[in-house]
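Everything on this sheet refers to the single structure shown next.
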Amino acid sequence: MTKPATTLEAADIAAILKALPHRYPFLMVDRIVDMRDDEAAVGNVTINEPQFLGHFPGNPVFPGVLLVEGMAQTAGAVCVLSQMGGDHPKHVYFLTIDKAKFRKPVVPGDTIEYHVNKIARKKNMWWFRGEAKVAGQTVAEAEIGAMVA
(Lines give C-alpha, C1' and ligand atoms only; values in the text may rest on other atoms or scores of the structure.)
Protein backbone atom coordinates (compact mmCIF):
# COMPACT_ATOMS: atom_id res chain seq x y z
CA MET A 1 0.00 0.00 0.00
CA THR A 2 1.15 3.49 -0.71
CA LYS A 3 1.01 6.28 1.81
CA PRO A 4 -1.74 8.86 1.11
CA ALA A 5 -0.54 12.17 -0.33
CA THR A 6 -0.14 15.07 2.08
CA THR A 7 -1.73 18.36 1.02
CA LEU A 8 0.37 20.53 3.36
CA GLU A 9 2.48 22.72 1.06
CA ALA A 10 3.22 25.77 3.22
CA ALA A 11 3.28 26.92 6.83
CA ASP A 12 2.86 30.48 8.04
CA ILE A 13 4.20 31.84 11.32
CA ALA A 14 1.14 30.61 13.26
CA ALA A 15 1.67 27.02 12.09
CA ILE A 16 5.40 27.22 12.83
CA LEU A 17 4.70 28.51 16.36
CA LYS A 18 2.38 25.51 16.89
CA ALA A 19 5.00 23.06 15.60
CA LEU A 20 8.13 24.40 17.31
CA PRO A 21 8.80 25.51 20.88
CA HIS A 22 11.18 28.29 19.75
CA ARG A 23 10.17 31.93 20.24
CA TYR A 24 11.64 35.31 19.37
CA PRO A 25 14.52 36.09 19.38
CA PHE A 26 15.52 32.46 18.81
CA LEU A 27 12.95 31.50 16.19
CA MET A 28 14.91 31.56 12.93
CA VAL A 29 12.06 30.75 10.49
CA ASP A 30 9.14 33.03 9.60
CA ARG A 31 7.49 30.97 6.86
CA ILE A 32 7.89 27.62 5.11
CA VAL A 33 6.97 27.12 1.46
CA ASP A 34 7.29 24.35 -1.11
CA MET A 35 6.75 21.59 1.48
CA ARG A 36 6.58 18.10 0.05
CA ASP A 37 5.42 15.92 2.98
CA ASP A 38 8.56 15.25 5.05
CA GLU A 39 10.82 15.16 1.98
CA ALA A 40 11.77 18.80 1.41
CA ALA A 41 10.87 22.42 2.13
CA VAL A 42 12.10 26.01 1.93
CA GLY A 43 11.95 28.17 5.05
CA ASN A 44 12.93 31.82 5.23
CA VAL A 45 13.61 34.76 7.50
CA THR A 46 14.33 38.40 6.71
CA ILE A 47 17.31 39.73 8.56
CA ASN A 48 16.72 42.56 11.02
CA GLU A 49 17.73 40.51 14.00
CA PRO A 50 19.21 41.46 17.41
CA GLN A 51 22.23 39.19 16.80
CA PHE A 52 23.75 41.93 14.66
CA LEU A 53 24.14 44.23 17.67
CA GLY A 54 27.00 42.17 19.06
CA HIS A 55 28.16 40.10 16.06
CA PHE A 56 30.09 42.24 15.16
CA PRO A 57 29.75 45.98 15.95
CA GLY A 58 30.88 47.99 12.92
CA ASN A 59 30.86 44.86 10.70
CA PRO A 60 27.60 42.99 11.36
CA VAL A 61 27.51 39.35 10.25
CA PHE A 62 24.75 36.83 10.96
CA PRO A 63 26.29 34.05 13.13
CA GLY A 64 27.02 30.85 11.25
CA VAL A 65 25.74 28.73 14.11
CA LEU A 66 22.35 30.44 13.74
CA LEU A 67 22.33 29.63 10.01
CA VAL A 68 22.64 25.97 10.98
CA GLU A 69 19.93 26.47 13.63
CA GLY A 70 17.65 27.93 10.92
CA MET A 71 18.18 24.84 8.76
CA ALA A 72 17.45 22.64 11.77
CA GLN A 73 14.29 24.57 12.68
CA THR A 74 13.03 24.29 9.10
CA ALA A 75 13.73 20.54 9.09
CA GLY A 76 12.15 20.15 12.54
CA ALA A 77 9.00 21.99 11.50
CA VAL A 78 8.76 19.75 8.42
CA CYS A 79 9.03 16.64 10.66
CA VAL A 80 6.34 17.83 13.05
CA LEU A 81 3.96 19.36 10.50
CA SER A 82 4.07 16.28 8.28
CA GLN A 83 3.17 14.08 11.27
CA MET A 84 0.79 16.24 13.35
CA GLY A 85 -2.53 15.54 11.68
CA GLY A 86 -4.36 17.39 14.47
CA ASP A 87 -2.25 16.00 17.30
CA HIS A 88 -0.64 18.30 19.84
CA PRO A 89 2.88 19.53 18.97
CA LYS A 90 5.84 17.31 19.63
CA HIS A 91 9.37 18.23 20.66
CA VAL A 92 12.15 18.09 18.10
CA TYR A 93 15.76 17.69 19.18
CA PHE A 94 19.05 17.99 17.30
CA LEU A 95 20.84 14.66 16.84
CA THR A 96 23.73 15.53 14.57
CA ILE A 97 25.41 18.33 12.65
CA ASP A 98 27.81 17.12 9.96
CA LYS A 99 29.67 18.58 7.01
CA ALA A 100 28.88 22.19 7.97
CA LYS A 101 30.44 24.75 5.64
CA PHE A 102 30.12 28.51 5.56
CA ARG A 103 30.56 30.06 2.12
CA LYS A 104 29.71 33.77 2.40
CA PRO A 105 28.78 36.24 5.17
CA VAL A 106 25.12 37.13 5.68
CA VAL A 107 24.62 40.82 6.46
CA PRO A 108 21.70 43.05 7.54
CA GLY A 109 19.10 43.36 4.80
CA ASP A 110 19.68 39.86 3.42
CA THR A 111 16.80 37.38 3.24
CA ILE A 112 17.85 33.85 4.10
CA GLU A 113 16.12 30.86 2.54
CA TYR A 114 16.66 27.51 4.24
CA HIS A 115 16.40 24.65 1.75
CA VAL A 116 16.15 21.21 3.37
CA ASN A 117 15.91 17.80 1.70
CA LYS A 118 15.38 14.54 3.54
CA ILE A 119 18.29 12.11 3.34
CA ALA A 120 16.79 9.35 5.50
CA ARG A 121 14.25 8.51 8.17
CA LYS A 122 14.28 5.77 10.77
CA LYS A 123 11.27 5.66 13.14
CA ASN A 124 11.23 9.04 14.95
CA MET A 125 14.59 10.22 13.54
CA TRP A 126 15.16 12.22 10.36
CA TRP A 127 18.33 13.31 8.55
CA PHE A 128 18.33 16.27 6.18
CA ARG A 129 20.77 18.06 3.92
CA GLY A 130 20.31 21.80 4.38
CA GLU A 131 21.45 24.87 2.51
CA ALA A 132 21.09 28.49 3.55
CA LYS A 133 20.78 30.74 0.50
CA VAL A 134 20.71 34.49 -0.04
CA ALA A 135 19.54 35.70 -3.46
CA GLY A 136 19.94 32.16 -4.80
CA GLN A 137 23.56 31.84 -3.66
CA THR A 138 24.53 29.22 -1.07
CA VAL A 139 25.95 30.91 2.04
CA ALA A 140 26.05 27.83 4.31
CA GLU A 141 25.32 24.12 4.17
CA ALA A 142 25.18 21.17 6.55
CA GLU A 143 23.75 17.73 7.11
CA ILE A 144 21.56 17.65 10.20
CA GLY A 145 19.73 14.99 12.15
CA ALA A 146 16.62 15.47 14.25
CA MET A 147 14.54 13.35 16.60
CA VAL A 148 10.85 13.88 17.36
CA ALA A 149 9.99 12.98 20.96
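Fair warning: this is a prediction, and the values are worked out from it, not measured in the lab. Just so you know, residue 1 is the first one in the sequence shown, and it goes up from there.
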Practice problem: To the nearest 0.5 angstrom, please state how far the CG atom of Asn117 sits from the CD atom of Glu143. | Solution: 11.0 Å

Quiz item: Excluding sequence neighbours, so at least two apart, what forms side chain to side chain contact (heavy atoms under 4.5 Å, CB included) with Lys133?
Solution: His115, Glu131, Thr138

Practice problem: Over all heavy atoms of both residues, which pair between Ala11 and Ile16 is shortest? Give the atoms and the distance, please. | Solution: O-CD1, 3.9 Å

Would you give me the side-chain donor-acceptor pairs under 3.5 Å for residues 54-74, sequence neighbours excluded?
residue, atom, partner, partner atom, Å
His55, ND1, Val61, O, 2.6
Glu69, OE2, His22, NE2, 3.4
Glu69, OE2, Gln73, NE2, 2.9
Gln73, OE1, Met28, N, 2.7
Gln73, NE2, Phe26, O, 2.9
Thr74, OG1, Gly70, O, 2.9

Self-check item: Verify same cluster id: Leu27, Phe94 (apolar side-chain graph, 4.5 Å)
Solution: yes

Quiz item: Could you state the interatomic distance from CE (Met147) to SG (Cys79), rounded to the nearest 0.5 Å?
Solution: 11.5 Å

Quiz item: Does Asn124 use its side chain to pair, donor to acceptor, with the backbone of Val148 at less than 3.5 Å?
Solution: yes

Self-check item: From NZ (Lys118) to CH2 (Trp127), nearest 0.5 Å
Solution: 11.0 Å

Practice problem: Could you tell me whether the side chain of Arg31 and the main chain of Val33 form a donor-acceptor pair under 3.5 Å? | Solution: no

Quiz item: Are any of the side-chain nitrogens in Lys99 or Glu141 under 4.0 Å away from the carboxylate oxygens of its partner?
Solution: no

Practice problem: Can you see which heavy atom on Ala146 is nearest to which on Leu95, and at what distance? | Solution: O-CD1, 3.6 Å

Quiz item: Taking a hydrophobic cluster as the set of Ile, Leu, Val, Met, Phe, Trp and Tyr residues connected by side-chain heavy atoms closer than 4.5 Å, whether directly or through intermediates, do Val116 and Met125 fall within one such cluster?
Solution: no

Quiz item: Transitively linked via ILVMFWY side-chain contacts under 4.5 Å: Tyr93 with Val78?
Solution: no

Practice problem: Start with the C-alpha distance between Leu81 and Met35, add both sets of side-chain angles, then the distance that settles side-chain contact (heavy atoms from CB on, under 4.5 Å), and finish with yes or no. | Solution: CA-CA 10 Å; Leu81 291 169; Met35 288 179 68; 4.0 Å; yes

Quiz item: Looking only at heavy atoms, which two atoms of Ile13 and Val29 are closest? And how far apart?
Solution: CD1-O, 3.8 Å

Self-check item: Nearest heavy atoms of Leu20 and Gly76, plus distance in Å
Solution: CD2-C, 4.1 Å

